[in-house]
Amino acid sequence: MIPSELSWKDSFKNGLRSIEQVNQFFNISLKEMHFDNLIPLHLAYRIKEQGLDGILAKQFLPSNEEIADHQEDGLNDPIGDQNFSRPGQIIHRYKNRALFLPTTVCPVVCRYCFRKNELSNNDEIFKSDFQKTLEYFENHPEIEEIIFSGGDPLMLSNEKLESYLNSFSKIKHIKYIRLHSRTPISLPQRIDTGLTEVLKMYANTFETLSIAIHVNHKEEIDADVTAAMARLREIQSLNLLSQTVLLKGINDCPNILEDLFKKINRLGIRPYYLHHPDKVKGGMHFQLDIKAGRIIYANLRDKLPGWLIPQYVLDIPGGYGKTPLFNPEALEFSGVLINYKSQQIKL
Ligand SMILES: *Cc1c(COP(=O)(O)O)cnc(C)c1O
Ligand code: SF4
């Protein structure tokens with residue numbers, strides 16, 4: 001049984017952190033690996049309850065495949081964040097919006113995570129200096145949106161989050177704020193009253209305050225998750241979006257995606273992005289080819305209304321940015337994509 005009384009802080013603090021602990025808890029035998037391992041206690045119980053073949057285990061439980069030879073084809077920094085790293089904790093690739101990385105902490109380690117190598121090494125891009133961050137945003141009037149990423153920005157304390165939002169609210173050209181988070185799934189108890197108070201306070205300060213929730217499968221959504229989403233939904237004018245990573249063996253099927261998008265629609269969340277998986281070292285076993293993704297995506301048109309279909313995108317390796325992957329002229333992939341600067345990039 002899942003101890004339902006676990007607070008999010010206890011669930012996080014008592015989470016499984018070493019391969020030894022993971023092996024013991026699940027009675028399995030994983031090899032030591034250099035990647036971070038973290039499963040909050042509450043989620044560990046959920047994984048166990050769902051079983052080791054379940055979609056939670058496949059996404060959150062480390063696997064010996066992560067250190068298999070074929071991982072060598074993967075990249076450490078698959079989307080070229082380093083090339084657009086700016087003073088402070090900023091990644092500024094597109095003119096009108098930039099990522100702000102206030103924390104390296106995530107309550108969980110998704111095994112396919114595109115930043116799994118950077119987060120494990122505590123990379124340069126996470127060096128914190130908020131004064132520099134603020135100066136950068138102030139001196140770049142073309143930036144209209146600040147996107148909190150990380151790590152998971154909801155691992156910040158409510159006070160810290162409030163103080164960042166307060167600072168950003170004083171910069172005239174910042175119109176939109178967005179938080180990218182998986183905590184409503186990985187640590188639903190984190191969506192506490194203190195947090196919803198802060199969000200309520202700022203939902204009307206900015207033109208749009210959004211939370212993009214990372215969710216990949218309907219079975220991630222249990223009663224606790226539903227309750228967390230309901231607490232978010234109560235905040236008027238909070239823009240609730242989703243991001244889903246297309247993953248081999250998890251959700252690479254039009255029926256599974258249909259079920260997911262219908263379910264999150266009932267929770268008041270609008271599908272935003274379907275990400276083709278990044279070629280990250282240690283996560284190559286989740287890869288599928290672009291043609292397979294296109295076939296799945298084409299199928300969605302028959303099953304869902306246009307407003308319930310997210311955009312299918314790939315972040316082109318090397319920092320060339322996100323680009324739509326679906327090509328209505330062909331399912332076969334030519335090997336070349338066009339990015340937001342009209343550059344032709346050979347993959
Ligand atoms: C994904 C990403 C964004 C957000 O792009 P949207 O298309 O607005 O969701 C912004 N900056 C960087 C560097 C990104 O990787
Ligand atoms: S929540 Fe996002 S950043 Fe954190 S481990 Fe998962 S994919 Fe990576």
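Counting starts at 1 for both ligands and their atoms, in listed order. Sequential numbering from 1 along the given sequence is applied to the chain's residues.
- In this structure, Arg294 fails the cation-pi test against Phe326, since its NZ or CZ atom is not both closer than 6.0 Å to the six-membered ring centre and inside 45 degrees of the ring normal.
- For atom 7 (O) of ligand 1, the nearest protein heavy atom (residue, atom name, distance) is Tyr273 OH, 2.5 Å.
- Residue Ile91 has at least one heavy-atom neighbour below 4.0 Å for each of these atoms of ligand 1: 13 (C).
- When each atom of ligand 2 is checked for a heavy atom of Arg182 under 4.0 Å away, the hits are 1 (S).
- Aromatic pair Phe114/His275: ring centres not closer than 6.0 Å.
- Under a 4.0 Å criterion applied to the non-hydrogen atoms of Val108, ligand 2 contributes the atoms 5 (S).
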Query raised in the report: After noting the C-alpha distance and the side-chain angles of Lys303 and Glu258, does the key distance pass the salt bridge (charged side-chain N to carboxylate O under 4.0 Å, His left out) rule?
Result: CA-CA 7 Å; Lys303 297 171 168 292; Glu258 176 193 3; 3.5 Å; yes
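- Remark: minimum distance from atom 13 (C) of ligand 1 to any protein heavy atom is reached at Arg93 NH1, 3.4 Å.
- Separation of atoms CG (Leu325) and NE2 (His276) is listed at 6.5 Å; rounding is to 0.5 Å.
- By the criterion of a heavy-atom distance under 4.0 Å, neither the backbone nor the side chain of Glu145 is placed next to ligand 1.
- The ring pair (Phe, Tyr, Trp, His ring centres under 6.0 Å) check on Phe333 picks up nothing, with sequence neighbours excluded.
- A ring-centre distance under 6.0 Å is not found for Phe130 and Tyr136.
- Contacts between Cys110 and ligand 2 below 4.0 angstrom, taking non-hydrogen atoms only, involve backbone and side chain alike.
- When Tyr272, Tyr176, Tyr94 are ranked by how near their heavy atoms come to atom 6 (P) of ligand 1, first place goes to Tyr272.
- Checking side-chain atoms of Asp302 against main-chain N and O of Asn299 turns up no donor-acceptor pair under 3.5 Å.
- Close to ligand 1: Arg178, with a non-hydrogen atom less than 4.0 angstrom away.
- For Tyr340 and Tyr320, the ring centers are positioned 6.0 Å apart or more.
- Assignment of Phe84 to the shell around ligand 1 is not supported, since no heavy atom sits closer than 4.0 Å.
- Residue His214 touches ligand 2 through its side chain alone, judged by heavy-atom distances below 4.0 Å.
- Against a heavy-atom cut-off of under 4.0 Å, Cys106 is close to the following atoms of ligand 2: 1 (S), 3 (S), 4 (Fe), 5 (S).
- At a heavy-atom cutoff of 4.0 Å, ligand 2 is contacted by no atom of Val245, backbone or side chain.
- If you look at Phe168 and Phe206, their ring centroids are not closer than 6.0 Å.
- Interface of Lys322 with ligand 1, defined as ligand atoms under 4.0 Å from a residue heavy atom, comprises 1 (C), 2 (C), 3 (C), 4 (C), 5 (O), 14 (C), 15 (O).
- Seen from the ring of Phe35, Lys116 counts as a face-on cation partner, given the 6.0 Å and 45° thresholds.
- Looking at Ser186, Pro107, Cys113, Ser181 and measuring to atom 8 (Fe) of ligand 2, the nearest heavy atom belongs to Cys113.
- Counting only heavy atoms of the protein, atom 8 (O) of ligand 1 lies nearest to Arg97 NE, 2.5 Å.
- Looking at Glu145, its side chain never comes within 3.5 Å of a backbone N or O of Arg97 through a donor-acceptor pair.
- The single protein non-hydrogen atom nearest to atom 12 (C) of ligand 1 is Leu99 CG, 3.6 Å, given as residue, atom name and distance.
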